[in-house]
Amino acid sequence: MSACNEEDLAVRAMRMLWLFLLFTSLIWLAPPPRVEARQPAKARGTPIGSRIHDFAQRTSVAFERESYAAPVASSGGIREAIDDKFKARYQQWKTEFLSTDIGRAQWEMYAHHPRLMLTITIAASNPEGAATGKYKWNDSGELIAATIILGSQVDQGYPSSVYYPVMNALEPFESKQLIGGSVLAATKIAHEFGHVMKVASTPESLYHLQSQLVPIYNKIFLSNGYNVQDPRLVKLAQEMGGTPVEIWEDREYWGEANAMLFLRDRVAKEKFHCRLFGKIKQAVEEYAKNYEERFAEIAKAQGALYPCYWR
Ligand SMILES: [Zn+2]
């Protein structure tokens, strides 16, 4: 490929990234839909109490995990803190992520970031999962530190299609040997990059407010007979921009939108890419209808050899 073509591709990738970021900030400003409209379709028919009870417990843990203190970062860049025993597999996953325009563009953006120090590490606990946290902001409210923790076997394991419609959609393609585990690992890396981008575009004050109010919300919810209409809960949700469920869902679906952005590039030349998009679309329509627009935007902006459409 000529240098000129590479330049065009880099420009296109960066344009997509900025569109994505712009879209992120626009969505953040939009008022959240009603609570009942955002419950996963699969959960319909189950008692609302137990469903939200489950969420209350999960989101409490997630928010606590993501709000612990991080070391002070002096300047930006990417710090890869990988144990020797994981280095070979990590390199494979990273190479897969960097095989796409969007992966390279996002990596470069953080590698040369003037302020944000992004640490990437691997942990054996939660081997097939990944998490992002240890956020820190400077006095101007700009994000200056974040840590992505990848599981030591992040190239295995497909999370549920209810909250992870993109990662889950890869499963049949791996079982048919159309993709390898490294693609799944790189998709999970993209999902975590999506979290970093989302938090970077969220006002620090709002993030802290949510971290502070979510446990309070959950505590009331668990003690009031799971009544979401409780005026105290309605007021808390208004203050923090949504219920804990809505905030958590929104964050996860932003991670998935970035995972889709990566896959759009990664499988653009594969004949199965419309089938993959079709599977993502099916899960989004079934479980994440209120978030469909962010996935549809990515699908419509595809520049693939085999165009398929988000009808
Ligand atoms: Zn996530």
Side-chain angles (χ1 to χ4, degrees), residues 17 20-21 23-24 27-28 32 38 40 42 54-68 70 93 97 102-103 106-107 110 116 118-123 125-135 143 145-171 183-202 206-207 210-211 214 241-264 280 283-284 287-288 290-292 294-295 298:
L17 174 63
F20 177 78
L21 289 170
F23 203 61
T24 302
I27 288 291
W28 185 258
R38 304 186 68 159
K42 196 169 201 169
D54 177 47
F55 261 109
Q57 293 187 324
R58 290 170 70 177
T59 50
S60 285
V61 172
F63 276 82
E64 281 159 21
R65 199 173 52 213
E66 291 193 353
S67 54
Y68 53 93
W93 303 340
F97 183 65
I102 197 71
Q106 294 186 353
W107 188 275
Y110 289 119
L116 176 62
L118 177 60
T119 300
I120 303 176
T121 189
I122 293 186
S125 56
N126 189 19
E128 295 178 359
T132 301
K134 296 191 182 181
Y135 298 118
L143 190 67
T147 297
I148 291 175
I149 304 171
L150 302 172
S152 55
Q153 293 171 317
V154 81
D155 55 348
Q156 298 170 38
Y158 295 87
S160 152
S161 60
V162 179
Y163 296 111
Y164 304 98
V166 178
M167 292 193 278
N168 180 274
L170 286 171
E171 189 169 17
V183 175
L184 175 63
T187 307
K188 289 180 182 176
I189 292 173
H191 176 102
E192 299 308 319
F193 268 63
H195 282 314
V196 176
M197 285 189 283
K198 178 63 187 165
V199 171
S201 66
T202 301
L206 179 59
Y207 187 87
Q210 291 173 339
S211 301
V214 163
T243 65
V245 176
E246 291 167 347
I247 294 166
W248 184 79
E249 279 182 348
D250 186 58
R251 289 181 184 177
E252 289 312 314
Y253 289 134
W254 275 122
E256 286 297 270
N258 201 50
M260 186 175 172
L261 208 50
F262 163 76
L263 278 182
R264 191 205 58 190
I280 294 171
V284 166
Y287 306 119
N290 291 310
Y291 302 85
E292 185 176 9
R294 69 184 70 168
F295 296 99
I298 294 167

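First listed ligand is number 1; within each ligand, the first listed atom is number 1.
- When distances to the Zn ion (ligand 1) are checked against a cut-off of 2.8 Å, E192 contributes no N, O or S atom below that limit.
- Minimum interatomic distance between Y253 and F295 (heavy atoms only, all atoms of both residues): O-CZ, 3.6 Å.
- Summary: OE1 is the N/O/S atom of E252 found nearest to the Zn ion (ligand 1).
- With sequence neighbours excluded, the residues satisfying ring-ring contact (aromatic ring centres under 6.0 Å, His included) with F262 are F97.
- Side-chain contact check for E249 and N290: no donor-acceptor pair (N or O, by modelled atom type) lies under 3.5 Å.
- Here the N, O or S atom of H195 that is nearest to the Zn ion (ligand 1) is NE2.
- By the side chain to side chain contact (heavy atoms under 4.5 Å, CB included) test, L184 is found to be paired with Y158, L170, K188, residues two or more places apart in sequence or in another chain being considered.
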